[in-house]
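Below: the structure, in structure tokens.
Hydrogens, waters and symmetry mates play no part in the numbers below; they use all other heavy atoms, side chains included. If you read the sequence from its start, that first residue is 1, and numbering goes on from there.
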Amino acid sequence: MNQVLVEICLRVRDIDATLDFYTKLFDFEVASRREFPEHKFDLIYLNSPGASVQIELTYNYDAEPYVIGNGFSHLGVTADDLEKMHEICKASPYETGELKGLAGGAPSYFFVTDPDGYRIEVKRKH
């Protein structure tokens, strides 16, 4: 039996702000959007170029703020030019951490936070 990871679901409160974050700051593209107004939710699927896993954004119309569990840490993406991506994120309205290295090593990653509080680790592409 063969299993393949195909999606990661994030519940979001402000779909427009979230779409701006993932499509304007990163290179994600909307693959599909399914709206269920009679059930008060929408599903938006995002593709990242070259990746086989999608992010599913679930937008519940009347949702209270979500509590991000302490077992979930972050999503990870890579960047060809880490320093340039860091500059772009720092210039954006999103909370962006400093460049860091593992165990005091050379800088190889940083974190940026999306509108719902999910952290994205941006790593140097190897």
Could you state the interatomic distance from [atom1] ([X]) to [atom2] ([Y]), rounded to the nearest 0.5 Å?
X: Thr18; Y: Ile44; atom1: OG1; atom2: CD1; answer: 9.0 Å
X: Ser73; Y: Arg119; atom1: OG; atom2: CZ; answer: 5.5 Å
X: Cys9; Y: Leu57; atom1: SG; atom2: CG; answer: 8.0 Å

Working for side chain to side chain contact (heavy atoms under 4.5 Å, CB included), residues Lys40 and Asp62: CA-CA 7 Å; Lys40 298 184 177 181; Asp62 300 324; 3.5 Å; yes
Sequence neighbours excluded, every pair satisfying side-chain hydrogen bond (donor to acceptor under 3.5 Å, both in side chains) that has a member inside residues 87-103: Lys90-Glu98
Asp81, CG atom: more than 12 neighbouring heavy atoms under 6.0 Å: yes
Arg11, CZ: over 12 other non-hydrogen atoms inside 6.0 angstrom: no
Derivation and outcome, side chain to side chain contact (heavy atoms under 4.5 Å, CB included), residues Arg33 and Glu35: CA-CA 7 Å; Arg33 184 174 187 147; Glu35 298 177 349; 3.1 Å; yes
Provide the closest heavy-atom pair for [X] versus [Y] in the form atom of the first, atom of the second, distance.
X: Pro115; Y: Ala17; result: CG-O, 3.6 Å
X: Arg13; Y: Tyr59; result: O-CE1, 3.2 Å
X: Pro107; Y: Leu99; result: CB-CB, 4.0 Å
X: Phe21; Y: Thr113; result: CE1-O, 3.7 Å
X: Phe28; Y: Ser48; result: CE2-CB, 3.4 Å
X: Val112; Y: Val122; result: CG1-CG2, 4.2 Å

Are [X] and [Y] side-chain neighbours, meaning at least one heavy-atom pair lies under 4.5 Å?
X: Asp14; Y: Val12; answer: no
X: Val77; Y: Phe26; answer: yes
X: Val6; Y: Val53; answer: no

Tyr118 backbone acceptor or donor facing Asp116 side chain under 3.5 Å: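 Judged by distance alone, no pair lies under 3.5 Å.
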Evaluation steps, side chain to side chain contact (heavy atoms under 4.5 Å, CB included), between Leu82 and Lys125: CA-CA 8 Å; Leu82 183 68; Lys125 190 171 188 176; over 6 Å; no
Hphob cluster co-occupancy, Tyr66 + Tyr61, side-chain heavy atoms under 4.5 angstrom: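 Shared cluster, no.
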From CA spacing to verdict: side chain to side chain contact (heavy atoms under 4.5 Å, CB included), Leu19, Ile15: CA-CA 6 Å; Leu19 284 172; Ile15 194 60; 4.0 Å; yes
Ring center gap for Phe111 and His74 short of 6.0 angstrom: yes
Parallel, tilted or perpendicular: rings of Phe41 and Phe36 (30°, 60°):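 Correct class here is parallel.
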Salt bridge (charged side-chain N to carboxylate O under 4.0 Å, His left out) contacts in which one or both residues fall within residues 43-56, not counting sequence neighbours: none
Contacts of Leu75 that satisfy side chain to side chain contact (heavy atoms under 4.5 Å, CB included) - sequence neighbours left out: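 Here the qualifying residues are Ile8, Leu10, Tyr22, Ile55, Phe72, Ile120.
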Side-chain donor-acceptor pair present, Asn47, Glu29, cut-off under 3.5 Å: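 Side-chain D/A pair, Asn47 to Glu29: absent.
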